[in-house]
Amino acid sequence: MNFDDTPQEAAFRSQARTWIAANAPKQYEDELRATSLGRVGLKNADILQVAKAWQKKKAEAGWACLHWPKEYGGRGSSPIERVIWQQEEGPFGKLSGMFIIGHGMCGPTMMAYASEEHKRQYLPPLASGEKVWCQLFSEPAGGSDVAGLRTRAEKRGEDWVINGQKIWTSGAHYSDYGILLTRTDPTVPKHKGLTMFFLDMKSPGVDIRPIKQASGHSDFNEVYFTDVVIPDSQRLGTVNDGWNVALTTLMNERMSIGAGVATGVPELFDFCSNLMLDDRPAIEDRNVRSRLASWAVRASGLKYTSIRAISALSKGERPGPENSIGKLVAGPMIQDVAAYALDLQGAAGVLSGPEAELAGKFQAMLLRAPGTRVEGGTDEIMRNIIAERVLGLPGDIRVDKDLPFNQVPTKGRN
Amino acid sequence: MNFDFSDDQKQLRDQARKFLAEKCPPKAVRVVLDGQAPYDRALWKGFAEMGFLGVAIPEEYGGAGAGHLELCVIAEEVGRALAPVPFSSTVYLAAEALMLAGSDAQKQAWLPKIASGEAIGTLALFEGTGNPSPKAIKVEAANGVLNGTKKPVADGAIADLIIVAARTGSTGRDSDISLFLVDAKAGGVEAKALTNLDPTRGQAELTFKNCKAEPLGAAGEGWSILTEVLDRAAVLTAFEQVGGSDRALEMGRDYALDRIAFGRPIGSFQAVKHMLADMYVSATLARSNSYYGAWALSTNAPELPEAAASARISATQAFQHCSKNNIQVHGGMGFTWEFDCHMYYRRANALALGLGSLSYWEDQLIDRMRKRNAA
Ligand SMILES: Cc1cc2nc3c(=O)[nH]c(=O)nc-3n(C[C@H](O)[C@H](O)[C@H](O)COP(=O)(O)OP(=O)(O)OC[C@H]3O[C@@H](n4cnc5c(N)ncnc54)[C@H](O)[C@@H]3O)c2cc1C
């Protein structure tokens with residue numbers, strides 16, 4: 001058991017550090033450091049442009065999508081080098097937020113299923129942030145039950161014609177491409193009639209409508225498809241095998257590699273150290289200490305769990321469903337931590353604007369947290385995954401499993 | 001970076017697991033639980049023969065000189081099997097205190113006996129209700145003799161070697177406390193076994209009456225040595241707790257697959273699945289925190305105090321959580337004496353208190369995090 005860098009790792013670290021020091025957009029460092037969890041914004045600049053510029057610089061110097069192969073715009077790095085990079089990149093890493101879906105899910109899916117020609121065409125600009133990608137899976141009728149989706153793809157000559165609606169699509173409004181899961185055969189059970197594509201989001205017939213979120217922001221969208229044409233060459237995987245392709249995507253979604261999953265704990269610790277409660281720092285209060293300690297060990301437990309996973313990866317082991325633990329622990333924790341920070345603020349905790357304590361950092365966290373527990377699989381779905389795939393308990397009873405999709409009851413759906 | 005045990009260490013774990021499965025089935029634990037013996041003597045002898053007792057003791061003192069990572073691996077199996085032997089008091093407390101603070105003569109006198117299973121050791125710290133604190137220590141040491149009462153003392157009634165925290169000053173500072181070494185056979189100490197939550201690990205009251213004692217470590221350094229011993233023991237105990245958590249989770253999972261209600265295995269009900277998933281989560285967080293503690297312990301890293309407190313809290317919570325929900329998964333059967341669930345529940349709640357309660361360690365953790373943040 002060893003936390004020290006090997007000589008090779010140390011060399012990589014110092015190379016990364018030197019390059020970051022010379023190239024990172026320093027003017028935004030303080031602001032990035034201070035932003036709350038869940039939402040990064042810059043006061044005097046367009047965050048998307050700043051993020052794209054930083055990503056491009058990284059790509060040109062070989063620091064983008066470190067673990068991707070070089071020919072697709074990556075660096076061919078080891079999992080540990082990825083973590084070292086994250087540690088060194090620090091607050092500038094927050095700028096990659098808008099690329100997460102593309103880099104974490106769409107890219108790996110393309111790598112597994114696209115033609116060589118398409119990989120060489122589409123992956124490098126995705127790695128460099130020049131092109132942004134989104135994931136078009138969820139629908140009003142199918143979120144947790146993704147396979148319940150109804151957007152149709154019908155073959156017409158060498159093309160496919162898409163009609164239907166997606167929802168909750170993060171970043172669709174600034175995306176250039178998307179991966180799209182569709183139904184190609186409604187007469188077979190739901191998992192057997194799906195097909196995956198990728199498409200240009202500027203295609204005629206794609207209509208993107210931002211949704212205002214509970215947090216007040218608009219990061220996700222409804223996307224409507226009216227007779228949108230996709231060439232058959234943009235199909236990923238075989239016809240009606242879309243479920244297996246989607247599983248590749250979702251596995252990658254859950255595999256949040258990196259020792260930096262946000263929990264809100266360092267922020268709460270700082271806050272309690274500075275806040276005065278009964279004439280002394282809150283952190284000297286027995287109850288505060290107890291709450292803090294419980295969250296602190298959950299946060300450190302998560303951190304070392306992901307380091308264990310990285311060690312396993314670097315020995316060639318495959319990441320498994322146990323990685324669902326990160327989001328399941330961090331999501332509810334952020335929510336509780338935020339509520340507790342507001343509780344400590346007393347009645348003033350109700351203020352959420354710039355005049356609020358710490359410019360409303362914990363209030364923003366509180367309002368974003370419900371989404372964290374839903375996106376990428378709800379807490380309940382994560383528990384199912386752990387129970388079934390890690391502990392080997394029986395699957396849920398699925399009454400629609402063997403029914404042709406067009407005979408599945410649809411009451412309550414639009 | 002490599003955050004895992006080595007292949008050799010994993011092999012040692014397999015070896016210990018096999019040995020314990022054979023020599024320490026629940027049936028054997030029950031002999032002690034039912035009060036037919038104060039501890040499992042044959043198992044203790046087996047521990048010595050397998051080299052478990054001296055695994056972290058240097059070779060010059062009769063041990064294997066392997067190290068603390070190896071000891072962690074064994075501790076996990078001890079916890080899994082609920083071994084009814086005075087392992088933690090002897091190995092994590094007495095031996096660690098000797099290795100940290102003992103003179104060469106003291107180490108020569110005791111460590112080989114510990115490694116060979118000849119001597120059982122313990123640490124006498126607590127004096128009734130409350131958490132570890134220099135102010136709570138009333139047992140007095142003067143002119144080479146001890147007077148006063150300690151309670152509870154883990155394995156106190158069977159110990160040959162007792163390390164005692166005693167008062168040698170009255171300034172109100174930590175430096176009032178010094179450590180002493182008492183040979184239980186030399187007389188002057190009375191032991192009374194006490195009923196406790198987990199009869200598979202005895203507790204006693206020890207009364208010292210003009211009991212001869214030799215200093216262990218420098219006078220006035222007792223509290224700082226103790227803190228270090230408790231930190232080390234916290235990491236090692238965390239591994240026992242991790243082993244216990246994993247076993248409780250496994251028992252719950254197996255029962256959930258086996259028991260049928262409403263025409264289905266109960267493990268197909270989401271309320272049960274999700275309860276087991278949450279047990280997995282807490283056991284996993286505890287394991288990861290404990291690995292970090294193991295690394296800090298084995299390298300004597302400056303991070304040890306914080307890592308130890310994290311491992312302690314996380315593992316305490318996990319074992320309590322897993323052992324209580326294991327009973328819940330088992331329903332009424334889980335609440336019978338006949339099923340083994342309560343043995344884990346007992347051990348979990350006893351281990352939660354032995355080195356100072358959760359609230360003590362929460363305090364320690366926050367102090368240590370503050371210190372780091374200030375640095
Ligand atoms: C901020 C945000 C960003 C998102 N971004 C994207 C995106 O970019 N692309 C995309 O495709 N989707 C995206 N989503 C959609 C997201 O994946 C779904 O919202 C999520 O999977 C839940 O599906 P649902 O909303 O249909 O809820 P439902 O599935 O209707 O769930 C409602 C409730 O029922 C519970 N439930 C459902 N099924 C089960 C079950 N089998 N067992 C137990 N409980 C169950 C759920 O846990 C939940 O509590 C995003 C969502 C959010 C909040």
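FYI, side chains are in, hydrogens and waters are out, and symmetry mates aren't considered; it's all heavy atoms of this structure.
Residue A:Ile84: no heavy atom, backbone or side chain, is found under 4.5 Å from chain B. Contact of B:Arg264 with chain A is made through the side chain alone, with heavy-atom distances under 4.5 Å. The contact between B:Asn373 and chain A is made entirely by side chain atoms (from C-beta outward), counting heavy-atom distances below 4.5 Å. Neither the backbone nor the side chain of A:Val288 comes within contact range of chain B; no heavy atoms are under 4.5 Å apart. Of the two parts of B:Ser6, neither the backbone nor the side chain holds a non-hydrogen atom closer than 4.5 Å to a non-hydrogen atom of chain A. Looking at B:Met275, there are no atoms closer than 4.5 Å to chain A (heavy atoms on both sides), in backbone or side chain. Interface remark: A:Ile80 contributes side-chain atoms only to the contact with chain B (heavy atom separation under 4.5 Å). For A:Thr305, the parts lying near chain B are the backbone and the side chain together; criterion is any non-hydrogen pair under 4.5 Å.
Note that the CG atom of A:Asn2 and the CG atom of B:Leu69 stand 10.5 Å from one another [nearest 0.5 Å]. Taken to the nearest 0.5 Å, the CG atom of B:Asp363 stands 10.5 Å off from the CD atom of A:Glu284. Of the inter-residue distances, the one linking A:Arg298 atom CZ with B:Ser288 atom OG reads 12.0 Å to the nearest 0.5 angstrom. Taken from OH in A:Tyr304 to OG in B:Ser314, the straight-line distance is 11.5 Å, to the nearest 0.5 Å.
The residue among A:Ile283, A:Thr6, A:Asp5 with the most heavy atom pairs within less than 4.5 Å of chain B is A:Ile283. Put simply, of B:Gln364, B:Gln317, B:Gln9, the one with the most heavy-atom pairs under 4.5 Å next to chain A is B:Gln317. The candidate from A:Ser314, A:Ser290, A:Ser294 with the greatest count of non-hydrogen atom pairs under 4.5 Å with chain B is A:Ser290.
Closest approach of A:Asp396 to B:Ser268, counting heavy atoms only: OD1-O, 4.5 Å. Of all heavy-atom pairs spanning A:Arg289 and B:Ile366, the tightest one is O-CG1, 3.7 Å. The minimum heavy-atom distance linking B:Ile313 with A:Ala293 is given by the pair CD1-CB, 4.2 Å. In this structure, B:Leu257 and A:Gly392 approach most closely via the heavy-atom pair CD2-O, 3.7 Å. Nearest heavy atom pair, residue A:Ile310 against residue B:Met1, reads CG2-CE, 4.3 Å.
Salt bridge status for A:Arg286 with B:Glu362: present, with a side-chain N to carboxylate O gap under 4.0 Å. The pair B:Lys273-A:Glu380 does not meet the salt-bridge criterion, since no charged nitrogen lies less than 4.0 angstrom from a carboxylate oxygen.
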**OP:** Could you go through the salt bridge (Lys or Arg N to Asp or Glu O under 4.0 Å) check for A:Arg308 and B:Asp4 one step at a time?
**Re:** CA-CA 7 Å; A:Arg308 282 172 58 206; B:Asp4 195 4; over 6 Å; no
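Between B:Asn2 and A:Lys315, some side-chain heavy-atom pair lies under the 4.5 Å cut-off. For the pair B:Arg253/A:Leu393, a side-chain contact is recorded, criterion being any heavy-atom separation below 4.5 Å from C-beta on.
A centroid separation of less than 6.0 Å is found between the aromatic rings of A:Phe3 and B:Phe3.
For A:Asn384 and B:His274, the side-chain atoms include at least one donor-acceptor pair closer than 3.5 Å. Side-chain atoms of A:Ser300 and B:Asn289 include a donor-acceptor pair closer than 3.5 Å.
Within 6.0 Å of CD on A:Gln8 lie no more than 12 heavy atoms contributed by other residues, nucleotides or ligands. Within 6.0 Å of atom NZ in B:Lys371, 12 or fewer heavy atoms from other residues, nucleotides or ligands are found, so the atom counts as exposed in its surroundings.
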Show every donor-acceptor pair shorter than 3.5 Å between a side-chain atom in residues 278-286 of chain B and any protein atom, with sequence neighbours excluded, or say none if there are none.
unit_1, atom_1, unit_2, atom_2, d
B:Asp278, OD1, A:Arg383, NE, 2.8
B:Asp278, OD1, A:Arg383, NH2, 3.4
B:Asp278, OD2, A:Arg383, NE, 3.3
B:Ser282, OG, B:Asp278, O, 3.4
B:Ser282, OG, B:Met279, O, 3.2
B:Ser282, OG, B:His321, ND1, 2.8
B:Thr284, OG1, B:Tyr280, O, 2.8

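In this structure B:Glu96 satisfies the side-chain hydrogen bond (donor to acceptor under 3.5 Å, both in side chains) test together with B:His68, B:Arg232, sequence neighbours excluded. Every residue two or more places apart in sequence or in another chain that forms a side-chain contact (heavy atoms from CB on, under 4.5 Å) with B:Ser357 is listed here: B:Asn131, B:Leu353, B:Ser359, B:Tyr360.
Of all residues spanning residues 238-250 of chain B, those with a heavy atom less than 4.5 Å away from chain A's heavy atoms are B:Leu249, arranged by number.
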